[in-house]
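See structure below.
Positions are given from 1 along the sequence.
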Amino acid sequence: ITEEMYHLLGEQSTDICVSQVAPAGKADAAIIATGDLLKNAITAIRDARNKAQLKPKDEIDLQIQTADQTPYNAVIDLLAKQVNAKSTAFTIDTPPQSITVVAGKEKYFLITGQIVETGQQKEDLIKEKEHLLGFLASVEKKLGNERFMQNAKPEVVALEQKKKQDALAKLDIVEKALSQM
């Protein structure tokens, strides 16, 4: 049936079953990065909702603190729908009575209208800080090892240095969030 429909659509000279599929093109790195950002944001916000015992159907106001709003332009509506946010906005300040979520280099604030207990949030941020400090120590140990630095390929060393910079940036965000509590 598919073959017949294919031929009815136009003047095709070959059959589908013997046609070659065109090779896939290169993936757009910006689209993949935006997809990863969206996935990480949705996961982190849903986890925070779960920890705060907010039902998925309960609407929230979402505020995002980020250095670059550009990746969000194409996906902000999808993000709002996936986390059941009635409104989304970008902010530079921490809103009062909000649940703070740190994902990557971004901070998300969930405003629920309920009184927020900061004790659990603070514990989670302290755990995240301890994890980042341990990760940073392991990366610095690797970068401080002369044998590793001499034998490793330049791209491996560059990757480890990028890990260190990312960990430092995340640690800075977590420490700022802790100081504002």
Show your reasoning for whether side-chain contact (heavy atoms from CB on, under 4.5 Å) applies to T112 and I99. CA-CA 8 Å; T112 64; I99 300 170; 4.1 Å; yes
Give the C-alpha distance, both sets of side-chain angles, the deciding distance and a yes or no for side-chain contact (heavy atoms from CB on, under 4.5 Å) between L9 and M5. CA-CA 6 Å; L9 288 174; M5 289 170 57; 5.6 Å; no
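Between L136 atom CG and L168 atom CG the span is 5.0 Å, to the nearest 0.5 Å. Between atom CD of residue Q161 and atom CG of residue L159 there is a gap of 10.0 Å, rounded to the nearest 0.5 Å. Atom CD1 of I111 and atom CD of Q63 lie 4.0 Å apart (nearest 0.5 Å). Here the NZ atom belonging to K86 is positioned 10.0 Å from the CD1 atom belonging to I60, to the nearest 0.5 angstrom. With rounding to the nearest 0.5 Å, the separation of CZ in R49 from CG in N84 is 5.5 Å. Here the straight-line distance linking atom NZ of K127 with atom NZ of K129 works out to 15.5 Å at 0.5 Å rounding.
Although no hydrogens or angles enter the test, the distance criterion places a donor-acceptor pair under 3.5 Å between the side chain of N40 and the main chain of D36. Although no hydrogens or angles enter the test, the distance criterion places a donor-acceptor pair under 3.5 Å between the side chain of T91 and the main chain of D93. R46 contributes a side-chain N or O that, together with a main-chain N or O of Q82, makes up a donor-acceptor pair within less than 3.5 Å.
In E155, the CD atom is crowded: over 12 heavy atoms of neighbouring residues, nucleotides or ligands sit closer than 6.0 Å.
I92 approaches Q65 most closely through the heavy-atom pair O-NE2, 2.7 Å. In terms of heavy-atom proximity, D166 sits nearest to K105 at OD1-NZ, 3.2 Å. Pairing each heavy atom of V101 with each of I45, the nearest pair is CG1-N, 4.3 Å.
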For residues 67-79, which side-chain donor-acceptor pairs fall under 3.5 Å, sequence neighbours excluded?
residue : atom : partner : partner atom : Å
D68     : OD1  : T70     : N            : 3.1
D68     : OD1  : T70     : OG1          : 2.8
Y72     : OH   : Y108    : OH           : 2.6

Hey, can you pull the donor-acceptor pairs under 3.5 Å for the side chains in residues 140-154, sequence neighbours left out?
residue : atom : partner : partner atom : Å
N145    : OD1  : R147    : N            : 2.9
N145    : OD1  : F148    : N            : 3.4
N151    : ND2  : R147    : O            : 3.3

Which donor-acceptor pairs under 3.5 Å do the side chains of residues 22-35 make with protein atoms, sequence neighbours left out?
residue : atom : partner : partner atom : Å
D28     : OD1  : A30     : N            : 3.1
T34     : OG1  : A30     : O            : 2.9

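The side-chain heavy atoms of L133 and L171, taken from C-beta on, include a pair separated by under 4.5 Å.
In the hydrophobic clustering of this structure, V102 does not group with F135; members are Ile, Leu, Val, Met, Phe, Trp, Tyr whose side-chain heavy atoms approach within less than 4.5 Å, directly or through other members.
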